[in-house]
2 protein chains.
Amino acid sequence: MTARIAPAEAGPGRLAQTGLAQEPVFLMARAASMGSSQANRGLGDLGLKVRHYSVLALACSDEGPTQRELSAFLVLDPSQIVAIIDELEERGAVQRQADPRDRRSKIIVPTPEGRMLYARAKEVVDAATERSLAALSPAQREELTRLLRMAAF
Amino acid sequence: MTARIAPAEAGPGRLAQTGLAQEPVFLMARAASMGSSQANRGLGDLGLKVRHYSVLALACSDEGPTQRELSAFLVLDPSQIVAIIDELEERGAVQRQADPRDRRSKIIVPTPEGRMLYARAKEVVDAATERSLAALSPAQREELTRLLRMAAF
DNA sequence: TATTGTTATACTCTATAACTATA
DNA sequence: TATAGTTATAGAGTATAACAATA
């Protein structure tokens with residue numbers, strides 16, 4: 001038998017009580033989507049997007065990541081990494097450096113300008129995160145971060 | 001002064017100890033990306049993607065969502081909803097129904113076939129979620145879900 | 001005048017294959 | 001023979017504007 005359809009009884013969060021709204025896949029997608037559009041809005045003023053920010057942040061970590069490593073870590077195609085680094089390099093924020101132990105690969109390092117840009121970008125991203133997670137207490141944010149780390153690696 | 005660059009000391013999770021890897025925006029993006037590609041892999045066998053699954057799930061909730069509501073809730077453009085529903089409708093999984101209270105909008109309802117498809121798809125998604133969150137205990141998964149709900153709405 | 005669904009279109013993002021230089 | 005980076009290109013996803021029907 002076919003259940004009678006409740007004819008759209010208006011109300012803000014009607015669909016938020018649905019089964020889908022309890023599923024981690026959906027919740028992560030939605031939270032990620034909202035979070036990165038928040039961050040992108042802020043980063044736009046610096047002429048950056050989250051992807052550029054991510055590469056810049058990893059360059060500034062002084063781990064000397066290769067493009068291949070950036071590709072794997074950010075789950076972006078190697079050819080996309082090329083484009084992102086081209087833009088950051090033209091802008092004078094990072095440089096491609098020869099890897100002494102494998103001349104095929106290139107290590108991405110920040111310029112002094114890149115470090116300054118990163119510092120400003122990080123503030124913007126932190127502020128966006130603040131807005132995204134406004135409903136959570138500091139302890140809850142830490143717990144969320146901890147659990148996400150377990151899920152993401 | 002310029003810090004000396006650690007010349008890529010290999011090792012699996014080098015970049016996972018970086019500052020970026022502690023930021024919620026990044027972690028959510030990465031977890032969401034991995035989660036939905038897991039789900040998409042499984043749903044492919046049913047000829048579905050997460051977006052179709054999501055619409056189908058909401059249709060099966062018997063909340064009688066309008067396309068506009070689906071658009072807002074799934075953070076997808078109204079024109080994308082049109083395409084998704086076209087496909088689900090051609091496939092006989094959902095139908096567009098007139099909204100008695102506003103003849104501009106259309107309520108999306110599942111067919112019996114749509115409900116069966118959803119049942120199978122849900123199993124697939126649950127299995128994918130299981131794999132994605134394998135590192136978390138049941139209690140941790142519940143806590144993650146709870147915190148994500150707070151962040152996502 | 002504003003809104004829902006629709007269409008068409010452009011834009012961005014992502015994925016694939018082929019090439020080079022190294023290993 | 002395999003891998004890192006690069007390039008070109010095609011495919012998927014997203015955003016924008018305009019239109020008809022209805023509010």
Side-chain angles (χ1 to χ4, degrees), chain A residues 7-8 10 29-30 32-34 36-37 39-41 43-44 47-55 58-59 64-90 94-109, chain B residues 7-8 10 14-15 29-30 32-34 36-37 39-41 43-44 47-55 58-59 64-90 94-109:
Chain A
R30 184 171 157 121
S33 157
M34 297 177 70
S36 51
S37 60
N40 273 325
R41 249 194 301 281
L43 287 172
L48 294 174
K49 296 184 181 169
V50 216
R51 50 191 25 209
H52 302 101
Y53 169 77
S54 300
V55 167
L58 292 170
T66 67
Q67 296 188 196
R68 193 54 65 159
E69 287 177 303
L70 294 172
S71 167
F73 193 68
L74 299 176
V75 199
L76 292 174
D77 199 82
S79 59
Q80 296 179 55
I81 299 290
V82 170
I84 296 168
I85 293 179
D86 280 351
E87 291 168 12
L88 287 174
E89 195 170 36
E90 280 169 24
V94 304
Q95 284 181 342
R96 283 179 238 242
Q97 213 172 72
D99 184 338
R101 295 174 313 175
D102 185 340
R103 291 189 312 190
R104 287 175 305 180
S105 51
K106 298 174 185 171
I107 289 174
I108 306 307
V109 298
Chain B
R14 270 176 64 230
L15 301 181
R30 184 170 157 120
S33 157
M34 298 177 70
S36 51
S37 59
N40 273 326
R41 250 193 301 281
L43 287 173
L48 294 174
K49 295 183 182 169
V50 211
R51 51 191 28 213
H52 303 101
Y53 170 75
S54 300
V55 167
L58 292 169
T66 67
Q67 296 187 195
R68 194 53 66 159
E69 288 176 304
L70 294 172
S71 166
F73 193 68
L74 299 177
V75 199
L76 292 174
D77 198 81
S79 59
Q80 297 179 54
I81 299 290
V82 171
I84 296 169
I85 293 180
D86 281 350
E87 291 168 12
L88 287 174
E89 195 171 36
E90 282 169 22
V94 304
Q95 284 180 341
R96 289 166 159 99
Q97 211 172 74
D99 184 337
R101 295 175 314 176
D102 185 340
R103 289 190 313 191
R104 287 174 304 181
S105 52
K106 299 174 185 172
I107 290 175
I108 306 307
V109 299

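Chain naming here is simple, since letters A, B, ... match the order of the sequence lines and numbering starts at 1 in each.
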Residues at least two apart in sequence or cross-chain that pass side-chain contact (heavy atoms from CB on, under 4.5 Å) with B:Arg51, listed by chain then number, are B:Lys49, B:Leu76, B:Gln80, B:Ile84

To the nearest Å, how far apart are B:Asp99 CG and D:dA21 C1'?
-> 14 Å

Would you say A:Arg96 reaches D:dG5's phosphate, i.e. side-chain N/O to OP1/OP2 under 4.0 Å?
-> no

Considering all heavy atoms of both residues, which atom of B:Leu74 and which atom of B:Ser54 are nearest to each other, and what is their separation?
-> CD2-CB, 3.8 Å

Whole angstrom is fine here: how far is it from CD1 in B:Ile84 over to P in C:dG5?
-> 13 Å

Residues passing the side-chain hydrogen bond (donor to acceptor under 3.5 Å, both in side chains) test with A:Ser33, sequence neighbours excluded, are none

side-chain hydrogen bond (donor to acceptor under 3.5 Å, both in side chains) with A:Ser37: which residues, sequence neighbours excluded?
-> none

Send over the distance from B:Glu69 CD to C:dT4 P, rounded to a whole Å.
-> 10 Å

Per-nt protein contacts along nucleotides 9-21 of chain C (heavy atom under 4.0 Å; B base, S backbone sugar-phosphate only, - none) come out as ----SBBB----B

For A:Glu89 and D:dT6, what is the distance between atoms CD and C1' respectively, to the nearest whole Å?
-> 13 Å

Taking only residues two or more places apart in sequence or in another chain, which ones pass side-chain hydrogen bond (donor to acceptor under 3.5 Å, both in side chains) with B:Arg103?
-> none

Whole Å only: how far is the CD1 atom of B:Ile85 from the P atom of C:dT6?
-> 7 Å

Verify the contact: side-chain N or O of A:Arg103 to OP1 or OP2 of D:dA4, cut-off strictly under 4.0 Å; return yes or no.
-> no

Here the distance between atom P of C:dA2 and atom CG of B:Asp102, to the nearest Å, is 17 Å

Rounded to the nearest angstrom, tell me the gap between atom CD in B:Gln67 and atom P in D:dA21.
-> 17 Å

Hits for side-chain hydrogen bond (donor to acceptor under 3.5 Å, both in side chains) against B:Ser105, two or more places apart or cross-chain, chain-then-number order -> B:Asp99

Calculate the interatomic distance between A:Arg68 atom CZ and C:dA23 atom P; express it in whole Å.
-> 15 Å

